[in-house]
Trainee: 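Attaching a single structure in structure tokens format; questions to follow.
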Amino acid sequence: GEFTITETPGLPMGTKIFLKLDPTEGDYSEPDIVTKIIQKYSNYVGFRVMLNGELVNQVKAIWREPPTTVTEEEHATFYKYLAGDHQGPLYTLHYVTDSPIDIN
């Protein structure tokens, strides 16, 4: 495929994406499909992603937060999303490390 990036003067801060799709790819214009793609690939980005005025990327990147600021509910929500489980985690360990890491 091919794409073009252009600057548009007078827009507020942020990015707007306009797609011109081939008629055979019309499914990609459906809000449900676009939402699933955004959630799959952009759930943990550090900025809000909006689609038709609604926040789409709602999962917080809790591993970037200090462990003392993340609640049990946030851990459980993250686990349920990531594992596709309807129950919470059996055990939670939130630690911070830097590379290189050496675990013995």
Trainee: In the structure I gave you, are the side-chain heavy atoms of Gln39 and Asn57 within less than 4.5 Å of one another anywhere?
Mentor: no
Trainee: Side-chain heavy atoms under 4.5 Å apart, restricted to Ile/Leu/Val/Met/Phe/Trp/Tyr: what other residues fall into the cluster of Met50, or is it alone?
Mentor: Leu55
Trainee: Would you please name every residue forming a side chain to side chain contact (heavy atoms under 4.5 Å, CB included) with Tyr41, sequence neighbours left out?
Mentor: Ile37
Trainee: Say you draw a straight line from OG1 of Thr92 to CD of Glu72; how long is it, rounded to the nearest 0.5 Å?
Mentor: 7.0 Å
Trainee: Please report the closest heavy-atom contact between Pro89 and Ala76, naming both atoms and the distance.
Mentor: CD-CA, 3.8 Å
Trainee: Which pairs pass salt bridge (Lys or Arg N to Asp or Glu O under 4.0 Å) with one or both residues in residues 30-42, sequence neighbours excluded?
Mentor: none
Trainee: Check ring pair (Phe, Tyr, Trp, His ring centres under 6.0 Å) between Phe78 and all other residues, then give those that pass, not counting sequence neighbours.
Mentor: Trp63
Trainee: Can you tell me if OH on Tyr81 sees more than 12 non-hydrogen neighbours from other groups inside 6.0 Å?
Mentor: yes
Trainee: Tell me if the CG atom of Leu21 is crowded by more than 12 foreign heavy atoms within 6.0 Å.
Mentor: yes
Trainee: If you link ILVMFWY side chains whenever their heavy atoms are less than 4.5 Å apart, which other residues fall into the same cluster as Val49? By chain and number, please.
Mentor: Val34, Ile38, Val45, Phe47, Leu51, Val56
Trainee: Considering residues at least two apart in sequence or located in another chain, which fulfil the side chain to side chain contact (heavy atoms under 4.5 Å, CB included) criterion with Asp22?
Mentor: Thr24, Glu25
Trainee: What residues, two or more places apart in sequence or in another chain, satisfy side chain to side chain contact (heavy atoms under 4.5 Å, CB included) together with Thr69?
Mentor: Glu65, Pro66
Trainee: Going by the rule side chain to side chain contact (heavy atoms under 4.5 Å, CB included), which residues pair with Pro23 if we only count those two or more places apart in sequence or in a different chain?
Mentor: none
Trainee: With sequence neighbours excluded, tell me which residues meet side chain to side chain donor-acceptor pair (under 3.5 Å) with Asp27.
Mentor: none
Trainee: Are Ile17 and Tyr28 connected into the same hydrophobic cluster when the rule is that any two of I, L, V, M, F, W, Y join if their side-chain heavy atoms are below 4.5 Å apart?
Mentor: yes
Trainee: How would you list all residue pairs meeting salt bridge (Lys or Arg N to Asp or Glu O under 4.0 Å) that involve residues 73-91, not counting sequence neighbours?
Mentor: Lys60-Glu74
